[in-house]
Amino acid sequence: MSEHVEELVEEENSVTMLDVLREENQLEEDANAVLGASDDKNCTYCKGYTRQALYACRTCCQKSVRAAVCLACSFHCHEGHELIELYTKRHFRCDCGNSKFGGRKCNLVASKDQLNSENQYNHNFDGLYCTCERPYPDPDDTVNDEMLQCIICEDWYHSKHLECEKEMPADGAYDEMICAGCMKNNDFLWNYACKYAVNMSDDKGANDKEENKPVDVEAVAKQCTMPTKNNLGKETSFRGSCFWTEGWRSALCTCDTCKELYKEKRMMFLLDPTDSVHAYEEAGKVNSRESQYEKGMKALASLGRVEQLTAIEEYNNMKERLIQYLQKFVENKKVVREEDIKEFFSQMESKKRPKVVVPTYCR
């Protein structure tokens, strides 16, 4: 919070109401990305195993216990607790109130199984990530390194630990990432990477890309159970994380042999079009109500020119006063509390300037 305050205090350029609405819109889009179609009032337990936003409660569970609760339970059963945000996990059922919580019951669903046997847990539930086994954010790391989620193991990795042989593709240039460990354990995927990976070296699968030939799915399927073989039948030296283009999952072979392989490796979710995080985010957008950006733009459009200018002036005036108010917290290195913000707006309300009336004259 203090870092955010310092940035706010150091900001010198004034912002327009449109800037505010755009920033609010970005925040809402980020929230939809995390929460998707999550319900903040009803526990997801009755929906069974599904992709959802999850939170690990360190207040209710001992350090050796791995468990997670849904969005609604984080509000109604674990308010004020120490929660670890896990982003989303696939095929997960809310643990709140089961045997992992030491007798503490869920406030939203009274009766639950003692355990959710199909839930999968990793070190993320302990607040640790990546091959370096560090928390995020890492208090000992001064470099603000981007973290990416592997679509198979669903762990989060620092970009510097992805073991990429070449420069990582720019954000937006790929759709999904599979970490080096998962590519090694499922090396038949390299057969598809020659066509659908965006970070392959020029000398690896370059002929397929340059000639823009379609992948021979049947040929790939015949070799997909043969580790470290590419679709030319030669030994490969592919390693590291793999970044995939949009739609690559639809190219996966669905013959009986391949399906058995996916089942054996517990990867049938790759054939599920609703499994991807992108599909999850889209579901959140469909179910979300009109955004604050849309509401704000409609409100601004309904105002006259003078009223628009007055609204923008009032916002900039509020911003200047807020910066001055927060300056004392920066100087004293204090954390801004909820009651401090309420106090500020209470003061703003009492110091409101009289409404400016623009006179109109008849001719």
Please check: side-chain N/O of [X] versus main-chain N/O of [Y], any donor-acceptor pairing under 3.5 Å?
X	Y	answer
K265	N185	yes
R58	Q62	yes
S99	Q114	yes
K112	C96	yes
T245	Y196	yes
R104	C77	yes

Taking the side chain as everything from C-beta on, heavy atoms only, tell me whether [X] gets closer than 4.5 Å to [Y].
X	Y	answer
L54	F92	yes
F243	M168	yes
I178	I151	yes
Y157	C132	no
E133	H123	yes
M177	L162	yes

Take F75 and N107 through the side-chain contact (heavy atoms from CB on, under 4.5 Å) test and state the conclusion after the steps. CA-CA 10 Å; F75 290 142; N107 295 330; over 6 Å; no
Compute whether any side-chain donor of one residue and acceptor of the other, for [X] and [Y], lie under 3.5 angstrom apart.
X	Y	result
Q52	T44	yes
N186	Y262	no
H278	D175	no
N98	D113	no

Which atom pair, heavy atoms only, marks the closest approach of [X] to [Y]?
X	Y	answer
Y174	P169	CD2-CG, 3.8 Å
A68	F125	CB-CE2, 3.5 Å
F269	I152	CZ-CA, 4.1 Å
A53	Y280	N-OH, 3.2 Å
N42	L108	C-CD1, 4.4 Å
I84	Y129	CG2-OH, 3.5 Å

Run the ring-centre check on H78 versus F101 and record whether the distance is less than 6.0 Å. yes
Does the ring centre of W156 sit less than 6.0 Å away from the ring centre of Y87?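 Centroid distance Y87-W156: below 6.0 Å, so yes.
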Scan residues 61-80 for pairs that pass salt bridge (charged side-chain N to carboxylate O under 4.0 Å, His left out), counting only residues two or more places apart or in two chains. R66-D126
side-chain contact (heavy atoms from CB on, under 4.5 Å) assessment of L189 paired with M267: CA-CA 12 Å; L189 289 173; M267 291 168 51; 4.3 Å; yes
From [X] atom [atom1] to [Y] atom [atom2], the distance as rounded to the nearest 0.5 Å:
X	Y	atom1	atom2	answer
D95	N119	CG	CG	5.0 Å
H161	C179	NE2	SG	13.5 Å
C253	L271	SG	CG	9.5 Å
M183	S241	CE	OG	9.0 Å
C130	L148	SG	CG	10.0 Å
N124	D155	CG	CG	4.5 Å

Residues that R134 engages under salt bridge (Lys or Arg N to Asp or Glu O under 4.0 Å), provided they are two or more places apart: D138, D140
Only counting residues at least two apart or in another chain, list the ones meeting salt bridge (Lys or Arg N to Asp or Glu O under 4.0 Å) with K160.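 Partners of K160 under the salt bridge (Lys or Arg N to Asp or Glu O under 4.0 Å) test: D141.
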Got a sec, which residues hit side chain to side chain donor-acceptor pair (under 3.5 Å) with R249, two or more places apart in sequence or on another chain?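 Checked R249 against side chain to side chain donor-acceptor pair (under 3.5 Å); matches are E176, D275.
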For T131, side chain to side chain donor-acceptor pair (under 3.5 Å) partners two or more places apart: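 Per chain and number, T131 pairs via side chain to side chain donor-acceptor pair (under 3.5 Å) with no residue.
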Would Y192 and C194 count as a side-chain contact (heavy atoms from CB on, under 4.5 Å) here? Give the steps. CA-CA 5 Å; Y192 299 94; C194 292; over 6 Å; no
Please determine whether residues [X] and [Y] belong to a single hydrophobic cluster, defined as Ile, Leu, Val, Met, Phe, Trp and Tyr linked transitively by side-chain heavy-atom distances below 4.5 Å.
X	Y	result
Y136	Y121	yes
L128	L86	no
F188	M268	yes

Let's go through N122 and K89 carefully: what are the C-alpha distance in whole Å and the side-chain angles of both, what is the deciding distance for side-chain contact (heavy atoms from CB on, under 4.5 Å) to 0.1 Å, and is it a yes or a no? CA-CA 11 Å; N122 62 11; K89 301 289 185 184; 3.8 Å; yes
Cationic N near anionic O, under 4.0 Å, R51 to E154: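 Yes, charged N to carboxylate O under 4.0 Å.
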Partner set under ring-ring contact (aromatic ring centres under 6.0 Å, His included) for H91, not counting sequence neighbours: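 Y49.
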